[in-house]
Amino acid sequence: MINAEKLLYESVQKALVELYSLSTATITFQKTRKEFEGDFTLVTFAFTKETKKAPEQLGKELGEFLLHHNPAIAAYSVVKGFLNLSLSNAFWLTYFNAIKDLTDIGHQKENSSGKTIMLEYSSPNTNKPLHLGHVRNNLLGFSVAQILKANGHTVVKTNLVNDRGIHICKSMLAWQKFGHGETPQSAGLKGDHLVGKYYVEFDKAYKKQIEEHIAKGISKEEAEKTAPLMLEAQEMLRQWETGNTEVVKLWKTMNDWVYEGFAVTYKTLGVDFDKMYYESNTYLLGKEVVQEGLHKNVFFKKENGSIAIDLSADGLDEKIVLRSDGTSVYVTQDLGTAIERFKEFPGLEQLIYTVGNEQDYHFKVLFKILEKLGYTWAKECYHLSYGMVELPEGKMKSREGTVVDADELLQEMYDTAEATTKDLGKVEGFTEAELDELYRLVSLGALKYFILKVDPKKKMMFDPKESIDFNGHTGPFIQYTHARIKSVLRKASDMVHSDIPGIELNAIEKEIIKSIYDFESVVTEAGQFYSPALIANYTYELTKLYNRFYHEFSILKEENNDVKNFRLQLSKASAQVLSNGMALLGIKVPERM
RNA sequence: GGUCCCAUAGCUCAGCUGGAUAGAGCACCGGUUUUCUAAACCGGCGGCCCUUGGUUCGAAUCCAAGUGGGGCUACCA
């Protein structure tokens, strides 16, 4: 592939050697800011010391040299210490001809890097439906998987379902006590919502019991531990662990309800997994690892019989890895699961956990312990940590019902997409099925883009009172532009696909080609930083650029056939890049809207 | 207390790995359609880039301290 920076780099390197005998300088280019003439900029301040020349003088001499030694450089200008270089019209046209028909532009062939990466995401609890926080997790995980594939890696998407534990027993107990045999069918509720309802019920009844105890003069802490409901839930968990048939049966029934519900939400969101893990199968893993660590003196036994590791030398604290009663804690399971995965996939080169930043500390501990145990792959474990979605009132809490429910949000988005589309009245001739498909596409485009355009590391604000926009810096804006291009292409029956001859590019056409040129490096960068936001913001820039071009210049009515044909092909290539970029976000683009 | 993260326009966010006059969208005000989709385009309004020091030819960006906000600091998961 044609690489402009490399071309310039070699020329500048040569110039520095020949003009100033300077061979050790580090040369980097940046894109020329749009208020100046040029494509790439070399900052000459960096070389003033070694050459003992003023920045402007340096710029002129270098510019002059480059102009005469590199035919791809058409012009230069010097502003203060900035040498702005313009590549020739011919250079950009050659580049465009090389890429204009690529349908996989920006996407390397999957597995071309030979690297296999496991990416875990979603990992829900089976005691409540998914909310907006989970939506961010799912969209982020899915998108990062797409981006890593586009960078040539093989990606195994996994979901580790938290299907057991005290929180699950809480829903089960509340259903048993207050449910009167209610089922998703009888209640007319999605299974996950039904189970979630009883999780909230439990919390209500539990809080009431605590209050009653406190009224009797018992301390809050004591009341929380001794409330009958809590004791019953704990007893239920013990029975589950011993395999009590009745408890296990109830557990299976209610979990199945939840899975049916999740399946619907996952399908709507358009996310999927290559391999499912269930905590009910993995929660005992890691106990042998503890023994192994004890042998190696990585862990030590405390007086009360629990086993711990001292990480204070690494800036962390002491951490229990096995309780005094011999049962495992969270980190025990994660140790076991990680080791199991590397055994199961011997070629695995990286293990990524998509989990919120509230668990930053947990993963630091986990990776440090793996390292201490001598697993060399520990450094290939990565916590893809993302910020919380916050409401104006603060954090979402499932127990207290202060959450934005995923299914409700998706339905609201769908309704808005339908209403907006009908208002605009541009869907004549669409069948009912096509309309449904369009509403899904647009509503999901709006939601996904809204979430993914924000840097994953940062927390984000969501105000349920202000609906997600369909205008401006949004998914539908990009989808619309794609549909608009497709509309033009449908009308261009006489489009020729041969290479573009030497026409003169106007400023904005050149900008679009340059923007397309950037796509590949943006995909690489997004892969390095695990950041769909880079892709989102890139596609937006290209879209804005195209819309300005579309508004200022006629395509179909252009009289010069070469120019017309070029504009058609430029449009086609732009649509392709937008489509490929959006695909990396898990967003589909329509042919018409 | 310890530790980690965050702070940019009224609001939501870009600007990460130092560079030229700090950018978008929304909101608000105004304009563009006999022409390829107006979910669009153009213009206006709007900034002590939290504060103070430091490094540098150059700092929103790097370093230090402070202020404000949030997370974590369980023999819960």
Side-chain angles (χ1 to χ4, degrees), chain A residues 28 30 32-33 35-36 41 43 45-46 48-49 55 79-82 84 123 125 162 164-168 279 283 302 304-308 315-317 319-331 333-334 356-362 364-365 385 387-388 390 394-395 417 420-421 423-424 426 442 446 450 453-455 457-463 466 469-481 483-492 525 528-529 531 533-534 536-537 540-541 543-544 546-558 567-568 571 592-593:
Chain A
T28 51
Q30 47 192 288
T32 302
R33 294 182 60 133
E35 33 313 1
F36 300 97
T41 295
V43 182
F45 289 111
T48 49
K49 264 186 194 156
V79 183
K80 292 190 263 179
F82 300 93
N84 298 326
S123 304
N125 292 335
N162 284 289
R164 55 133 249 141
I166 191 78
H167 52 297
I168 310 294
E279 206 195 291
Y283 81 106
K302 301 183 68 163
N304 60 14
S306 62
I307 297 174
L316 303 167
D317 295 319
K319 178 76 192 170
I320 298 283
V321 293
L322 201 68
R323 293 193 191 104
S324 50
D325 65 2
T327 57
S328 55
V329 293
Y330 185 32
V331 77
Q333 300 171 38
D334 273 2
N357 63 11
E358 56 201 347
Q359 296 202 37
D360 284 357
Y361 182 77
H362 170 76
K364 266 189 200 166
V365 169
S385 166
M388 298 289 102
E390 285 180 10
K395 216 182 153 185
T420 309
T421 306
D423 273 353
L424 292 168
K426 290 194 283 196
V442 173
F450 176 81
K453 77 172 175 185
V454 180
D455 183 341
K457 290 196 292 295
K458 293 193 179 174
K459 65 175 192 281
M460 65 181 292
M461 180 60 75
F462 177 79
D463 189 347
E466 290 175 34
D469 241 301
F470 285 65
N471 298 322
H473 188 184
T474 68
F477 171 54
I478 298 165
Q479 292 174 317
Y480 168 75
T481 302
R484 200 185 211 189
I485 294 172
K486 287 300 171 124
S487 171
V488 174
L489 295 178
R490 276 193 299 274
K491 287 180 178 155
E525 207 181 344
Q528 277 164 4
F529 292 98
S531 177
L534 297 177
N537 287 308
Y540 176 61
E541 291 302 323
T543 302
K544 269 205 301 191
Y546 184 85
N547 277 316
R548 213 165 72 220
F549 161 73
Y550 180 92
H551 189 259
E552 278 180 42
F553 297 96
S554 182
I555 299 167
L556 296 173
K557 295 210 165 63
E558 168 58 43
R567 288 183 181 164
L568 282 169
S571 300
R592 291 179 59 193
M593 74 182 268

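- In this structure, the CZ atom of A:R484 is 7 Å from the P atom of B:C41, given to the nearest Å.
- Listed by chain and number, the residues in a ring-ring contact (aromatic ring centres under 6.0 Å, His included) with A:F470 amount to none (sequence neighbours excluded).
- Residue contacts for A:V454: at a heavy-atom cut-off of 4.0 Å it reaches the sugar-phosphate backbone alone, with no base atom in range.
- Residue contacts shown for A:T327 are absent, as no nucleic acid heavy atom lies under 4.0 Å away.
- The partner of B:C49 is absent, by the rule that a Watson-Crick or G-U pair needs both atom distances under 3.5 Å.
- The gap from the P atom of B:G54 to that of B:C13 amounts to 34 Å, rounded to the nearest Å.
- Heavy atoms of A:D463 sit nowhere under 4.0 angstrom from any nucleic acid atom.
- Considering CD1 of A:I555 and CG of A:L489, their distance stands at 8.0 Å, rounded to 0.5 Å.
- The side chain of A:K458 places an N or O atom within less than 4.0 Å of a non-bridging phosphate oxygen (OP1 or OP2) of B:A7.
- In this structure, the NZ atom of A:K319 is 21 Å from the P atom of B:G2, given to the nearest Å.
- The separation of B:G23 from B:C45, taken at their P atoms, amounts to 14 Å, rounded to a whole angstrom.
- When each of B:G25, B:C36, B:U37 is scored by its nearest atom to the side-chain atoms of A:S554, the top-ranked nucleotide is B:C36.
- Summarising the geometry, atom OG belonging to A:S531 is positioned 6.5 Å from atom NZ belonging to A:K457; distances are rounded to the nearest 0.5 Å.
- Across the strands present, B:C28 finds its partner in B:G44; the criterion is a Watson-Crick or G-U wobble pair with both atom distances under 3.5 angstrom.
- Side-chain atoms of A:N84 come within donor-acceptor range of the base of B:A20, with a qualifying N/O pair under 3.5 Å.
- Nucleotide B:C62: paired with B:G54 (Watson-Crick or G-U wobble, both distances less than 3.5 Å).
- Taking atom C1' in both B:U8 and B:A59, the straight-line distance is 14 Å, to the nearest Å.
- Taking the six-membered ring where the residue is Trp, the centroids of A:Y480 and A:F477 are separated by 6.0 Å or more.
- The aromatic rings of A:F450 and A:F462 sit perpendicular, their planes meeting at an angle over 60°, well past the 30° parallel limit.
- Figure legend. B:U33 is base-paired to no nucleotide; pairs are counted as Watson-Crick or G-U wobble with both atom distances under 3.5 Å.
- For the pair A:L424 CG and B:A38 P, the interatomic distance rounds to 11 Å; values are reported in whole Å.
- B:C72: Watson-Crick or G-U partner is B:G2, with both key distances under 3.5 Å.
- When each of A:V488 and A:F477 is assigned the nucleotide of RNA chain B with its nearest heavy atom, A:V488 is the one assigned upstream, toward the 5' end.
- In the set B:U37, B:C41, B:C36, B:U37 carries the atom at the smallest distance from any side-chain atom of A:A483.
- Heavy atoms of A:Y546 sit nowhere under 4.0 angstrom from any nucleic acid atom.
- Along RNA chain B, the nucleotide closest to A:T474 and the one closest to A:V329 are compared, and the more 5′ of them pairs with A:T474.
- Comparing the P positions of B:A27 and B:C41 gives a spacing of 14 Å, expressed to the nearest Å.
- A:L556 and A:A492 make their closest contact through CD2-CB, 3.7 Å (heavy atoms, listed as atom of the first residue, atom of the second, distance).
- Put simply, NZ on A:K80 is 9 Å from C1' on B:U21, counting in whole angstrom units.
- Atom name P, nucleotides B:G1 and B:G66: the rounded distance is 12 Å, in whole Å.
- Rounding to whole angstrom units, CE of residue A:M593 and C1' of B:A38 are separated by 12 Å.
- Within the 4.0 angstrom heavy-atom criterion, only backbone atoms of the sugar-phosphate kind lie near A:Y540; the bases stay farther away.
- Between A:V442 and A:M593, the shortest heavy-atom distance links the atoms CG2-CE, 4.1 Å.
- Between the C1' atoms of B:G68 and B:G30, the separation comes to 39 Å (whole Å).
- In this structure, A:Y361 places its OH atom 16 Å from P of B:A77, rounding to the nearest Å.
- Side-chain to base pairing of A:T41 with B:A20: one donor and one acceptor N or O lie within less than 3.5 Å of each other.
- Under the Watson-Crick or G-U wobble criterion, with both distances below 3.5 Å, B:C16 has no partner in any strand shown.
- Considering only the side chain of A:M460, B:C13 comes nearest among B:A20, B:C13, B:U37.
- Contact annotation: A:N357 side-chain N/O to B:C72 OP1/OP2 distance is not under 4.0 Å.
- Comparing B:A40, B:C13, B:C6 by their closest approach to the side chain of A:M461 singles out B:C13.
- A gap of 32 Å separates the P atoms of B:G69 and B:C28, to the nearest Å.
- The distance between atom CG of A:D469 and atom C1' of B:A24, rounded to the nearest whole Å, is 13 Å.
- Between the CZ atom of A:F553 and the CZ atom of A:R567 there is a distance of 6.0 Å, given to the nearest 0.5 Å.
- Counting only distance, with no hydrogens or angles, the side chain of A:K453 and the backbone of A:H473 share a donor-acceptor pair below 3.5 Å.
- No side-chain donor-acceptor contact under 3.5 Å links A:S487 to the backbone of A:A483.
- Counting any heavy atom pair closer than 4.0 Å across all strands shown, A:K457 reaches no nucleic acid atom.
- Nucleic acid contact for A:K302: none, since no nucleic acid atom lies under 4.0 Å from a heavy atom of the residue.
- Between B:A38 and B:C42, the distance separating the two C1' atoms is 13 Å to the nearest Å.
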Look for any protein N or O under 3.5 Å of an N or O in nucleotides 16-19 of chain B and output each such pair with its distance, or none.
residue, atom, partner, partner atom, Å
B:C16, N4, A:E525, OE2, 2.1

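- Searching all strands for a Watson-Crick or G-U wobble partner of B:U67 with both distances below 3.5 Å returns B:A7.
- In this structure, A:E279 reaches the sugar-phosphate backbone alone: every heavy-atom distance under 4.0 Å involves primed, P, OP1 or OP2 atoms, never a base.
- The NE2-P distance, from A:H362 to B:C4, rounds to 19 Å in whole Å.
- Aromatic ring orientation, A:F45 versus A:F82: perpendicular (interplanar angle above 60°, classes split at 30° and 60°).
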